[in-house]
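For reference, the structure is listed below as structure tokens.
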Amino acid sequence: MDRVTSRLPVVTVTYSPGDHLRTFVETLPAATTRPVGLVMADNGSEDGVPESVADACEFAEFFPTGGNLGYGTAINRAVTEISARPDEFDQEFVLVVNPDVSFEPGSVDELLAAARRWPRGGAFGPRIAEADGSVYPSARSVPRLGSGIGHAVLGPVWPGNPWTARYLDDERMDTERAAGWLSGSCLLLRRSAFDALGGFDERYFMYMEDVDLGDRLGRAGWQNVYVPSSVIHHDRGHAARTVPEFTLRAHHRSAYLFQADRHPGAWRAPIRWALKAGLELRCRLAIRSAERALR
């Protein structure tokens with residue numbers, strides 16, 4: 001099948017997504033002139049929404065993963081399924097999107113156009129518009145140990161601190177540019193780059209898998225390209241608000257894994273021990289704060 005007329009593969013991970021998924025599906029067709037094929041990698045939904053969407057939408061299919069495998073693992077399974085069907089799906093790109101995203105018209109075509117402008121681009125991410133009209137800082141610097149600690153410790157109490165500013169890297173959100181990593185809420189991935197890295201690191205259950213992927217792409221000579229002409233909306237954190245303890249623990253485990261991987265060796269063991277202890281303390285404090293907020 002010709003690449004131009006074959007379906008652009010779109011992958012989302014579902015876990016009882018509710019009405020967000022319906023909005024996602026309603027806004028997707030206007031986002032591109034290409035025919036699309038949506039694969040919903042389902043991690044054990046109990047609300048019946050992914051199945052009903054698959055029944056009602058001719059371009060969507062329900063793809064059960066067999067359990068709650070985590071975000072990156074589910075994406076990898078879906079991409080493997082797409083790879084096995086070259087007559088149906090374009091094998092050059094895959095669009096990976098959260099089910100709580102909605103698209104502005106033409107937003108996916110803008111990402112595809114940027115991919116032609118940036119031949120070494122491995123990942124392309126849109127502008128994420130907030131409900132209040134602001135822009136979410138979705139194109140950030142890779143967190144190094146020092147800036148990561150500074151942001152984690154001081155960010156909640158001193159948002160303008162230099163470590164947080166360096167990490168957010170949000171002064172040029174109107175400029176198409178390369179960044180350290182892009183928000184995984186919506187990523188157009190060049191398959192040659194994604195496949196060469198082995199996809200998402202499946203040790204990350206949720207959170208930080210996008211940071212890890214962006215860092216590994218950069219280390220391998222690829223670029224993470226922020227494309228502000230492409231605009232989406234994202235209801236960030238709605239899942240985290242319902243189960244804060246689980247999501248906070250998952251976030252802190254992923255933060256430790258990311259930094260521990262980048263500080264290997266016996267001589268760096270004290271750094272890893274201190275990092276683990278500090279993140280555990282921060283996690284406990286964050287859980288208490290979240291629990292008080294829910295009372």
Side-chain angles (χ1 to χ4, degrees), residues 1-13 23-41 57-61 75-76 78-79 81-83 85-129 135-136 138-139 172-179 181-197 199-200 210 213-214 217-218 220-234:
M1 185 178 293
D2 184 80
R3 183 183 65 80
V4 176
T5 58
S6 62
R7 294 193 297 167
L8 175 70
V10 181
V11 175
T12 192
V13 178
T23 303
F24 171 101
V25 169
E26 288 169 0
T27 59
L28 177 57
T32 177
T33 55
R34 292 278 303 275
V36 297
L38 172 62
V39 178
M40 296 177 290
C57 179
E58 63 180 8
F59 62 78
E61 63 181 87
I75 293 292
N76 289 348
V79 171
E81 174 69 14
I82 289 164
S83 298
R85 295 156 62 182
D87 292 339
E88 299 177 52
F89 291 107
D90 178 8
Q91 301 293 316
E92 185 176 12
F93 297 102
V94 60
L95 184 70
V96 175
V97 198
N98 284 7
D100 51 5
V101 157
S102 60
F103 300 89
E104 287 289 317
S107 53
V108 175
D109 280 343
E110 288 293 328
L111 295 176
L112 290 166
R116 293 191 289 271
R117 293 192 294 271
W118 297 74
R120 289 303 298 172
F124 301 85
R127 176 199 300 255
I128 301 176
V135 178
Y136 178 70
S138 59
R172 295 175 295 147
M173 298 308 294
D174 292 324
T175 304
E176 185 170 295
R177 60 184 172 87
W181 65 278
L182 304 165
S183 168
S185 59
C186 182
L187 286 174
L188 180 71
L189 298 170
R190 196 183 300 272
R191 284 288 305 279
S192 56
F194 186 70
D195 294 352
L197 296 181
F200 283 106
D210 49 1
L213 179 68
L217 283 169
W222 296 95
Q223 295 166 309
N224 297 278
V225 182
Y226 170 65
V227 187
S229 58
S230 170
V231 182
I232 67 163
H233 304 270
H234 182 211

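Not measured: the values here are computed from a predicted model.
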Nearest 0.5 Å please: distance from the [atom1] atom of [X] over to the [atom2] atom of [Y].
X    : Y    : atom1 : atom2 : result
Q223 : L182 : CD    : CG    : 11.0 Å
S185 : I232 : OG    : CD1   : 4.5 Å
C186 : N98  : SG    : CG    : 8.5 Å
F93  : R190 : CZ    : CZ    : 4.5 Å
L112 : L188 : CG    : CG    : 5.0 Å
L95  : D90  : CG    : CG    : 11.5 Å

So which heavy atom on [X] is nearest to which on [Y], and how close?
X    : Y    : value
G199 : N76  : CA-OD1, 3.7 Å
D210 : G184 : OD2-N, 2.8 Å
W222 : S192 : CH2-OG, 3.8 Å
F200 : L213 : CE2-CD2, 3.6 Å
G125 : L111 : C-CD2, 3.8 Å
A78  : V39  : CB-CG1, 4.0 Å

Should R85 and E61 count as an ion pair when the cut-off is N to O under 4.0 Å?
yes
A side-chain contact here means heavy atoms from C-beta on lying under 4.5 Å apart; do [X] and [Y] qualify?
X    : Y    : value
V10  : F24  : yes
R191 : V79  : yes
Q91  : P9   : no
E104 : R127 : no

Looking at [X] and [Y], would you say the former's side chain and the latter's main chain have a donor-acceptor pair under 3.5 Å?
X    : Y    : answer
D109 : T33  : yes
R177 : R172 : yes
T12  : V97  : yes
T27  : F103 : yes
S107 : S230 : no
Y226 : T175 : no

Begin with the C-alpha distance, continue with both residues' side-chain angles, and end with the deciding distance and a verdict on side chain to side chain contact (heavy atoms under 4.5 Å, CB included) for L38 and C57.
CA-CA 9 Å; L38 172 62; C57 179; 5.9 Å; no
Evaluate F124 against E110 for side chain to side chain contact (heavy atoms under 4.5 Å, CB included), listing each step before the verdict.
CA-CA 10 Å; F124 301 85; E110 288 293 328; over 6 Å; no
